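First comes the structure, then the notes that go with it.
Small disclaimer: the values here were computed from a predicted structure and weren't measured. Hydrogens, waters and symmetry mates play no part in the numbers below; they use all other heavy atoms, side chains included. The first residue of the sequence shown is numbered 1, and numbering continues consecutively from there.
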Amino acid sequence: MPWLAGTGVDADVVMSSRVRLARNLVVPGRGGEGLKFPARSSREERAEVLALVKARILEALAGQVTWVDLHQAKVTDRHLLVERHLISKQHARGRAGEVIPESATPAAMAAALHGDSAGRSELDPRGVAFSVPDERLSIMVNEEDHLRIQHVDPGLSLAEAWREADRVDDLLEDALDFAYAPRFGYLTACPTNCGSGLRMSVMLHLPGLKLTGDIDKVKRAATDMNLAVRGFYGEGSDAIGDFYQLSNQTTLGKPERVILHELAQEILPQVIEYERLARRTLMAKRRSALEDQVFRALGTLTHARLISTEEAMGALSLVRLGVMLDLVRLRGREEDHRLVNHLMLLVQPAHLQRIAQRELDQDQRRTVRAEMIRTRLGK
């Protein structure tokens with residue numbers, strides 16, 4: 001996937017840029033009332049939406065996307081799509097609910113997906129279309145809204161991601177009737193998304209600010225500017241490996257170009273410079289301590305026999321920082337950058353089980369993960 005390549009503008013700090021559009025349907029023959037939004041609709045209505053949207057997407061984007069019916073997919077395959085940032089955790093589960101921990105057994109993971117009082121379950125009709133082979137584009141159907149259109153590009157590239165998401169939105173709007181009100185704009189399940197339905201976000205790697213103790217200042221400043229700060233997998237997730245998603249909080253009353261300008265031209269350059277300043281400060285005033293942390297992390301990755309996802313991500317974060325500061329050289333800077341980024345994906349539970357080609361419990365995953373990291377770093 002391009003966002004793992006370590007390319008793009010400001011790629012030392014910005015791993016990827018994402019633009020997401022929320023849309024809901026008005027179905028002909030229903031008197032203009034439209035269908036209820038997914039959280040309030042019946043399973044039959046969600047099945048109707050899925051059948052309609054699936055046909056329109058595959059027709060409008062013929063040859064460009066592949067389709068997955070999530071209600072028919074295996075649990076591990078759904079988690080694989082979450083780890084690749086193609087669907088959300090909520091979409092994988094088919095309902096809002098508890099986060100499934102890594103320690104869960106395959107049976108417990110399946111049990112956690114049983115239905116709830118709202119009638120949503122792993123069997124809820126829902127799907128995703130995503131572009132192949134680059135996976136930049138994904139379209140979630142029957143998540144919080146009927147459609148969630150997202151486009152992801154490497155580095156700081158919000159303008160490029162916005163152009164592509166807008167292009168796909170236009171193609172689908174030619175084939176589908178979206179719920180729209182002159183006063184409120186596009187109508188969405190969450191009021192904060194009304195208007196343009198636009199959410200712009202970037203995945204930031206901020207180990208420098210974490211090590212200098214300034215990360216909380218950035219979080220508070222972002223909140224004061226009405227921005228959302230989330231973890232590695234977005235809403236409801238933790239910031240593992242010093243990765244944070246920063247996005248606009250509301251869309252109502254703000255044109256797309258204003259949101260884009262504020263993020264790409266005013267806010268993000270400051271955050272990027274704060275992180276780079278923190279890295280320069282560490283190199284100037286705490287270089288020995290920093291080198292010690294980086295090489296201890298590298299030693300853990302190259303010698304550990306058991307390692308969890310959280311420990312692996314923390315160590316990879318430090319090694320990635322060392323690569324960016326020219327403290328670590330395994331092959332070459334660009335190749336090292338790609339390798340570390342790639343490992344951050346492969347250490348995730350579903351990818352690890354795909355590599356092993358079998359289901360693994362927590363202890364088995366820790367063993368296989370450590371072996372995989374040693375093998376790939378040692379080549």
Side-chain angles (χ1 to χ4, degrees), residues 18-42 45-61 64-65 67-70 85-88 90-91 94 96 120 124-131 136-152 158 161-201 228 234-235 247-257 259-260:
R18 183 190 73 151
V19 168
R20 188 217 68 198
L21 296 169
R23 299 289 186 260
N24 288 283
L25 302 184
V26 175
V27 178
R30 288 179 171 264
E33 295 180 359
L35 291 163
K36 293 177 182 177
F37 294 161
R40 301 285 294 176
S41 62
S42 66
E45 287 176 315
R46 293 194 290 275
E48 182 181 348
V49 168
L50 183 69
L52 174 65
V53 172
K54 178 179 179 179
R56 297 294 188 271
I57 288 175
L58 294 179
E59 180 181 357
L61 300 171
Q64 302 175 49
V65 297
W67 177 271
V68 176
D69 285 310
L70 294 174
H85 296 272
L86 294 170
I87 64 174
S88 65
Q90 293 80 6
H91 202 35
R120 305 200 70 187
D124 268 350
R126 65 199 190 282
V128 62
F130 56 90
S131 59
R136 291 177 188 250
L137 169 71
S138 71
I139 307 170
M140 291 180 281
V141 180
N142 282 343
E143 200 237 24
E144 183 177 81
D145 296 284
H146 289 144
L147 286 92
R148 289 282 180 95
I149 304 164
Q150 74 167 29
H151 200 277
V152 179
L158 285 171
W162 158 243
R163 281 196 293 270
E164 284 302 304
D166 187 48
R167 179 185 67 82
V168 174
D169 181 44
D170 288 343
L171 286 174
L172 295 181
E173 195 160 19
D174 286 341
L176 297 164
D177 292 323
F178 292 153
Y180 183 89
R183 182 180 177 185
F184 298 109
Y186 289 103
L187 303 180
T188 56
C190 180
T192 60
N193 289 326
C194 284
S196 62
L198 173 67
R199 181 66 63 91
M200 291 187 171
S201 65
E235 188 172 2
S247 66
N248 62 298
Q249 185 84 333
T250 58
T251 65
L252 186 61
K254 280 191 176 183
E256 293 92 334
R257 65 180 182 279
I259 297 173
L260 175 61

Task: Qualifying residue for side-chain hydrogen bond (donor to acceptor under 3.5 Å, both in side chains) with Ser138, from Arg148, His85, Gln150, Arg20 - done: Gln150
Task: Side-chain (His91) to main-chain (Glu144) donor-acceptor, under 3.5 angstrom - done: no
Task: Asn193 side chain to Thr188 backbone, donor-acceptor under 3.5 Å - done: no
Task: Which residues share a side-chain contact (heavy atoms from CB on, under 4.5 Å) with Ala165, sequence neighbours left out - done: Val19, Leu21, His151
Task: Shortest non-hydrogen separation from Leu50 to Gly127 and the atoms involved - done: CD1-N, 3.6 Å
Task: Euclidean distance, Glu173 CD relative to Tyr186 OH, rounded to 0.5 Å - done: 3.5 Å
- [ ] Check whether any side-chain heavy atom of Phe178 sits under 4.5 Å from a side-chain heavy atom of Leu25, and report yes or no.
- [x] yes
Open item on the list: Taking His146's backbone N and O only, do any of them form a donor-acceptor pair with Asn24's side chain (distance below 3.5 Å, no angle check)?
Closed with: yes
Open item on the list: Can you confirm whether Val68 sits close enough to Ile87 that some side-chain heavy atom of one is under 4.5 Å from a side-chain heavy atom of the other?
Closed with: no
Task: Lys36 versus Ser41, closest heavy-atom pair with distance - done: O-CB, 3.6 Å
TODO: Only one of Leu58, Ile57, Leu52 passes side chain to side chain contact (heavy atoms under 4.5 Å, CB included) with Lys54; say which it is.
DONE: Leu58
- [ ] With rounding to the nearest 0.5 Å, note down the distance linking CD in Glu48 to CG in Asn142.
- [x] 10.5 Å
- [ ] Quick one: pull up CG in Leu147 and CE in Met140 and give me the separation to the nearest 0.5 Å.
- [x] 10.0 Å
Open item on the list: Working note: Leu172 + Ile139, criterion side-chain contact (heavy atoms from CB on, under 4.5 Å); need CA distance, chi angles, decisive distance, verdict.
Closed with: CA-CA 11 Å; Leu172 295 181; Ile139 307 170; 4.0 Å; yes
Task: Atom pair CZ/CG of Phe130 and Leu137 - distance to nearest 0.5 Å - done: 10.5 Å
- [ ] Mind checking side-chain contact (heavy atoms from CB on, under 4.5 Å) for Arg257 and listing every partner two or more places apart, or none if nothing turns up?
- [x] Pro255
Task: From Arg23 atom CZ to Asp169 atom CG, the distance as rounded to the nearest 0.5 Å - done: 4.0 Å
Task: Considering all heavy atoms, the nearest Gln249-Ala228 contact - done: OE1-CB, 2.9 Å
- [ ] Can you sort out the partners of Arg167 under side-chain hydrogen bond (donor to acceptor under 3.5 Å, both in side chains), two or more places apart, ordered by chain and number?
- [x] Glu164
Open item on the list: Main chain of Ala60, side chain of Asp174: is a donor-acceptor contact present, judged purely on distance under 3.5 Å?
Closed with: no
Open item on the list: Suppose we screen for side-chain contact (heavy atoms from CB on, under 4.5 Å). Which residues come up paired with Pro191, at least two apart in sequence or across chains?
Closed with: none
Task: Partner set under salt bridge (charged side-chain N to carboxylate O under 4.0 Å, His left out) for Asp166, not counting sequence neighbours - done: none
Task: Val141 side chain reached by Trp67 side chain, heavy atoms, under 4.5 Å - done: yes
TODO: Sequence neighbours left out, what passes side-chain contact (heavy atoms from CB on, under 4.5 Å) with Ser201? Give chain and number order.
DONE: Arg18, Gln245, Ser247
- [ ] Hey, could you give me the CG/CG distance between Leu198 and Leu260, rounded to the nearest 0.5 Å?
- [x] 8.5 Å
